Amino acid sequence: MSKEKREFLKPGKTNKKERISFIKFWVNYMKTHSDKEWSNQQNIIINSQIK
Amino acid sequence: MEYNRAKRKIIVNKTLSNLDKFVLNFIKILKKHVDYVIISGYVSILLGRTRTTEDIDIFIEKISFEKFSKLYKEIKKNGFWCLNAEEAEEIFNYLKDNLAVRFAKKDKTVPNFEIKFPKNKIDEGAFDDFVTVILHQGKLRVSSLERQIAFKKYYLKSDKDIEDAMHIEDLFREKLDYNKINKLKEAII
């Protein structure tokens with residue numbers, strides 16, 4: 001059985017670089033997953049603050 | 001997510017967040033009375049950015065006091081209040097003075113809608129090249145992706161704004177009009 005090819009997040013050396021690295025990682029996640037999959041994750045953040 | 005630049009349409013098959021539902025609800029009222037374009041942070045969030053916001057920025061076309069009064073009456077009827085004033089005339093005067101006014105759900109302060117008139121030709125341009133985001137439960141007019149990127153990256157420039165611009169740029173890289181971004185950049189700086 002072949003393992004699913006997985007992208008990993010490259011840690012940034014500063015907080016700013018880390019945040020940029022995460023944005024790129026997240027955009028790649030969005031591009032490789034359905035709108036429903038990424039939005040369900042995004043909604044955990046948004047719905048926890050806006051009821 | 002599918003973006004058709006020629007048709008200025010983005011189809012998003014997302015599960016709506018509470019924020020998306022809140023925006024669709026308000027826009028349903030707004031669009032009956034006035035042309036609008038959603039700008040700034042919420043556009044990035046609508047398109048997947050992993051953050052939230054306390055306000056949704058919206059340009060509305062310049063309208064008469066009579067038209068604004070009807071809009072305000074319906075906003076109030078639907079359970080919203082204005083954070084800046086009670087009287088329609090006072091709120092309208094703020095708008096006329098190119099100041100933003102905010103509306104939130106009764107007894108709440110956030111999230112709120114920050115409404116303003118376009119204050120110059122560049123702002124007015126947002127009405128010429130807006131993009132329609134098509135969701136399962138409705139449509140929203142948002143500022144063009146190029147405009148979003150140019151304003152956030154070269155005018156607003158906070159860390160948050162630069163990250164919002166980066167999100168949109170990375171997501172739509174192959175479909176962006178970079179000449180347009182550069183022209184907007186020259187116009188705003």
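Just so it is clear, the structure is predicted and the values come from calculations on it, not from any experiment. Throughout, protein chains are lettered first and strands after them, A, B, ... in sequence-line order, and every chain is numbered starting at 1.
The backbone N or O of A/K36 lies less than 3.5 Å from a partner atom in the side chain of A/N40, making a donor-acceptor pair. A distance-only check finds no donor-acceptor pair linking the side chain of B/Y155 to the backbone of B/A150 [under 3.5 Å].
The closest side-chain donor-acceptor pair between B/D20 and B/Y42 falls under 3.5 angstrom.
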Just do the salt bridge (charged side-chain N to carboxylate O under 4.0 Å, His left out) check on B/K183 and B/E146 with the steps written out, would you?
CA-CA 10 Å; B/K183 275 185 193 160; B/E146 290 81 4; over 6 Å; no
Does A/D35 form a salt bridge (charged side-chain N to carboxylate O under 4.0 Å, His left out) with B/K14? I'd like the steps, not just the answer.
CA-CA 5 Å; A/D35 289 354; B/K14 70 188 285 196; over 6 Å; no
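Between B/F22 and B/F80, the ring planes lie tilted relative to each other; the angle falls in the 30° to 60° range. Aromatic ring pairs are classed by plane angle as parallel below 30°, tilted from 30° to 60° and perpendicular above 60°; the pair A/W26 and A/F22 is parallel.
The candidate from A/K16, A/E37, A/M30 with the greatest count of non-hydrogen atom pairs under 4.5 Å with chain B is A/M30. Contact tally against chain A (heavy-atom pairs below 4.5 Å) for B/I45, B/T15, B/L19: the top residue is B/T15. Among A/Q42, A/K24, A/K31, the residue making the largest number of heavy-atom pairs under 4.5 Å with chain B is A/Q42. Among B/E163, B/R49, B/M166, the residue making the largest number of heavy-atom pairs under 4.5 Å with chain A is B/E163.
At a 4.5 Å heavy-atom cutoff, the contact between B/R51 and chain A is made by backbone atoms alone. Heavy atoms closer than 4.5 Å to chain A are found nowhere in B/I162, neither backbone nor side chain. For B/D159, the part sitting under 4.5 Å from any heavy atom of chain A is the side chain, from C-beta outward, and nothing else. Neither the backbone nor the side chain of B/I168 comes within contact range of chain A; no heavy atoms are under 4.5 Å apart.
The same ILVMFWY cluster, assembled from side-chain heavy atoms under 4.5 Å apart, contains both B/I122 and B/L156. B/F68 and B/W81 sit in two unconnected hydrophobic clusters of ILVMFWY residues. Membership requires side-chain heavy atoms under 4.5 Å apart, directly or through other members.
Contact residues of residues 84-121 of chain B toward chain A are B/P111 (heavy-atom distance under 4.5 Å).
Just one residue in the list B/K67, B/E74, B/K70 forms a side-chain hydrogen bond (donor to acceptor under 3.5 Å, both in side chains) with B/H33, and that residue is B/E74.
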